[in-house]
Amino acid sequence: MVPSTKSSPVKSPLSSPEASTSSARTSPVSNSIASASLEGQSEQLSEQIKPAAVEEESKTSIDSEEDDKPLSSRLRMKPKPQKKTSSLVSGKRPLDEANVSKQSSVKRPKVSESSTSAKNKQVSAKKEAKEEEDDYFITIADRAKKVGSDNKSSVALTKPKKVTKVGSSSIKKTIKKDKKGSNFSKYSKSTKVAPSSNDGQEKWATLVHNGVIFPPPYKPHGVKMLYNGEPANLTPEQEEVATMYALMKDTEYVQKKTFRNNFWNDWQKLLGKRHVIQKLDACDYTPIYDWYQNEKEKKKQLSKEDKKALQEEKLKQEEKYMWAIVDGVKEKVGNFRVEPPGLFRGRGEHPKLGKLKRRIRPSDVTINIGKDAPIPECPIPGESWKEVRHDNMVTWLAFWNDPINQKLFKYVFLSPSSSLKGQSDKEKYEKARMLKDYIGNIRAAYTKDFTSKDGAKRQIAVATYLIDKLALRAGNEKEDDEADTVGCCTLKVENVQAIAPNSLEFNFLGKDSIRYENTVEVEVPVYKAIIQFQAGKRGNDDLFDKLDTSKLNAHLKELMPGLTAKVFRTYNASITLDNILNKETREGDVSEKLVVYQHANKEVAIICNHQRTVSKSHDAQMSKLMEKIGGLQGTLKELKTDLDRVRKGKPPLEDANGKRKRNLTPEALEKKIANTTEKIEKMEADMRTKEDLKTVALGTSKTNYLDPRITVAWCKRHEVPLEKIFNKFLLEKFAWAMDVDFDFRF
DNA sequence: GCAACCACTTAGGACCCGGTAA
DNA sequence: TTACCGGGTCCTAAGTGGTTGC
């Protein structure tokens, strides 16, 4: 991991605890699902719906033929998933001291044994990786032919229950570096992971790490801010918090009343009642702001060598915290840096905006580490950890209470590239793939319930439909001290407007206070049900008053083992990518294929409502491009005129400066025209893409929703270098997906 | 049945840095 | 040489969902 070069300008030794588009969105759902005749359907909700593929091996899709059958013939009893018993291996953090050892009383065992075994395992892992690499000796195209003949890709497409052999040895032997020298397995990680990391199971056997690193103590700068135009004296603690505020001068936060009020309340506690500073409005933080800008500039002006030296120094300090050894394997730690103090930057209209996030000390931090591992030395002399635990039912290495909301915790986890995270990532996508086999029957079941006499059932059906069709989030209840955002189950009456004959207009703030605006045509029974749910209610009342996420998820679990609302998002995102890639990819050069990928990625981002704010320079950038295109069009016109004249035996026209242009042959002019036209087309395409994507965030879906195996397999099939799609972070995160068969379909 | 608690995933924005056009 | 831009990295907020205890 590249260490952050960001400086933490505001650090304080505080200790007081509380001083502390309506765009035409692509619907992933076919409209055919509403027509099913469901006469005779059993009302047994406790039955799990068996995947269609299991019932009818030859059936390839969730089509109406199946839906037309009586549900009794489509539903079969499936054993309920075993309820987890709370026994010795409870996944919960124990409240008592049974699993806790106080730092002082813990004897430090020698590290040698585990580290030796770690080394051995790493050596053997490396050896395996090398052996795998040596096996690649056939081109991708040959491999495609070979595997294609052995295992027709159409089979993969038509048999929904096909189990994909990730990294099967037969396939590996047919892989070779592609023509461009990019081979996928160089990114794959030969890790030995437990078959499942389900809850209620041990996450690791041995865990060694060095704890966390704290931000350096606050260094007072002594620059005086002004109060009523006069320099004001501040203690280092007061100055630290003033500096936090001063540095936010250019942000929108300071425009918000809540932010200013919360900051003032917390800062005033530090200032004390009798301080000369009595109101925020009379404060002028400019001297501190200017000082900081100056410091920043000085830093920028440092020589390359000095910058490098600083970076190396930081790396040296942090190196030991960057790694953990999990079951003998060295793994990256994610967020090993304790969050520095600062002013709370919540999203949207968060009621706690601007509150002081006090400094976290070792006495706030609980460490989780293997029983036999040495307890990390507390990096701040004279202080000690709050607690040391040895809980292998969880994956966190450390946690502390969130100073803004004491009920919440901040965890230190392994990096997304670790085997532990990779394993759970893979399980997530496997679950979403499983939904593919159930979705037909699930859709048929909720369609039937749109008109159920049972109001709760009707609400569950409509909510599930919205989650499926619009990829809405579940929508847990929120506390009063959080931003007022909603998901499906918490939609308010005012968030949905029925538009005759059968459209719904959604408008609400979702996660991160990102607005969801979408008008969508829905099944008529859904439309009618929504109107009915709204009847007699006020705008701020719950649309789904008989429903919450627990009830919804409990119901979903009856339909498929492990099914929850969020699985639909993963499923719809991944299946959309898979479908678009396979439908739209044509023979051509890599850049054309990348356009297809980006288009698919964009569709998914729109479905999931992944937005970003338009960059400040967007308009200027567009104007510049327009200008350039205009210039090129002028050139093109001139070239065409010249060609015309040359063909008629006349000399070319004079240029803009009145100078005679060089005589060119018609062929040379044609070539120039072609080049200029190509340039214009490329620029226009760039412009369209830029405008198209100005509010769309593509990264979130790539990182969290798109099964990487779809991408890897597609790259293999179409000889697209994976590095064109996955950056370093994603290549590492998805190491588990690299050995997928080239014919993998989601 | 429900609230509280806990552990984990998902999310957008800030900031940095290197490549490239002017 | 400088300015600009875009991608990468880091940060941490904000979700989801399981479990527990009353």
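Here is how names work: the chains are called A, B, and so on, in the same order as the sequence lines, proteins then strands, and each is numbered from 1.
Spacing between atom NZ of A:Lys478 and atom P of C:dA13 amounts to 13 Å, rounded to whole angstrom units. Remark: C1' of C:dC4 and CG of A:Asp619 are 16 Å apart, rounded to the nearest angstrom. Note: CZ (A:Arg473) to C1' (C:dA14) measures 9 Å, nearest angstrom. Rounded to a whole Å, the NZ atom of A:Lys702 is 16 Å from the P atom of B:dA11. The interatomic distance linking A:His610 (NE2) with B:dG13 (P) rounds to 12 Å, in whole Å. Across the protein-nucleic acid pair, A:Asp391 atom CG and C:dT19 atom P stand 15 Å apart, rounded to whole Å. Atoms OH (A:Tyr429) and C1' (B:dT9) sit 11 Å apart, rounded to a whole Å. Summarising the geometry, the separation between CG on A:Leu414 and P on B:dC8 is reported as 10 Å, rounded to the nearest angstrom.
Distance from the side chain of A:Phe729 is smallest to C:dT9 among C:dG18, C:dT12, C:dT9. Side-chain proximity of A:Asn476 to the nucleotides C:dA14, B:dC8, C:dG17 is greatest for C:dG17. Checked against C:dA14, B:dC8, C:dT16, the side chain of A:Thr395 finds its nearest nucleotide in B:dC8. The side chain of A:Thr485 lies closest to C:dG15, out of B:dA14, B:dA21, C:dG15. Of the candidate nucleotides B:dA11, B:dA21, C:dG8, C:dG8 has the atom lying nearest to any side-chain atom of A:Asn727. The side chain of A:Val394 approaches B:dC8 more closely than any other nucleotide in the set B:dC8, B:dA11, B:dT9. In the set B:dA21, B:dC8, B:dA11, B:dA11 carries the atom at the smallest distance from any side-chain atom of A:Thr700. The side chain of A:Thr564 lies closest to C:dG17 when the candidates are C:dG15, B:dC6, C:dG17. Taking every side-chain heavy atom of A:Phe409 into account, B:dC6 is the closest of B:dC8, C:dA14, B:dC6. You'll find that the side chain of A:Glu339 is closest to C:dA13, out of C:dA13, C:dA14, B:dT9.
Defined by atom type and a distance below 3.5 Å, a donor-acceptor pair is present between the side-chain atoms of A:Ser419 and A:Glu331. Counted by atom type alone, A:Tyr253 and A:Arg345 present zero donor-acceptor pairs between their side chains at under 3.5 Å.
Put simply, A:Tyr705 has a side-chain N or O that comes within less than 4.0 Å of OP1 or OP2 on B:dA11. Taking only side-chain nitrogens and oxygens, A:Lys628 comes nearer than 4.0 Å to OP1 or OP2 of B:dA22. Between A:Lys728 and C:dT9 there is a side-chain polar atom (N or O) within less than 4.0 angstrom of OP1 or OP2.
When all heavy atoms of A:Trp400 and A:Glu339 are compared, the pair lying nearest together is CZ2-N, 3.9 Å. For A:Ser513 against A:Arg347, the heavy-atom pair with the smallest separation is OG-O, 3.7 Å.
Here A:Gly487 lies out of heavy-atom contact (under 4.0 Å) with every strand. Using a 4.0 Å heavy-atom cutoff across all strands shown, A:Ile514 reaches sugar-phosphate atoms only and no base atom. Looking at heavy-atom distances under 4.0 Å, A:Gln621 makes contact with sugar-phosphate atoms alone, never a base. Nucleic acid contact class of A:Ala483 (heavy atoms, under 4.0 Å, all strands): none. Within the 4.0 angstrom heavy-atom criterion, only backbone atoms of the sugar-phosphate kind lie near A:Thr613; the bases stay farther away. Base contact: A:Lys511 has a heavy atom under 4.0 Å from a base atom. The residue A:Lys624 sits close only to the backbone: its heavy atoms come under 4.0 Å of sugar-phosphate atoms, none of a base.
Between A:Gly510 and A:Leu563, the residue anchored nearer the 5' end of DNA chain C, judged by the nucleotide with its closest heavy atom, is A:Gly510. Mapping A:Thr570 and A:Thr251 onto DNA chain B by nearest heavy atom places A:Thr570 closer to the 5' end of the strand. Checking A:Arg569 against A:Arg345, the closest nucleotide of DNA chain B that is more toward the 5' end is the one next to A:Arg569. For A:Gly348 and A:Ala474, each mapped to the nucleotide of DNA chain C holding its nearest heavy atom, the one lying further toward the 5' end belongs to A:Gly348.
The base of C:dT12 does not come close enough to the side chain of A:Lys410 for any donor and acceptor atom to sit less than 3.5 Å apart.
Salt-bridge formation is detected for the pair A:Lys428/A:Asp425: a Lys NZ or Arg NE/NH1/NH2 atom is positioned less than 4.0 Å from an Asp or Glu carboxylate oxygen. Classification of A:Glu430 and A:Arg433 as a salt-bridged pair holds, one side-chain N sitting under 4.0 Å from a carboxylate O.
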Identify each atom pair where a protein N or O and an N or O of nucleotides 18-20 of chain B are less than 3.5 Å apart, giving names and distance.
none

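Contacts classified as salt bridge (charged side-chain N to carboxylate O under 4.0 Å, His left out) and involving residues 545-554 of chain A (residues at least two apart or in different chains) are given here: A:Lys537-A:Asp545.
Between A:Phe263 and A:Tyr285, the angle of the ring planes goes over 60°, which puts this pair in the perpendicular group of the 30/60° scheme.
Under the ring pair (Phe, Tyr, Trp, His ring centres under 6.0 Å) criterion, A:Phe508 pairs with A:Tyr516, sequence neighbours left out.
Between A:Phe336 and A:His209, the distance from one ring center to the other does not fall under 6.0 angstrom.
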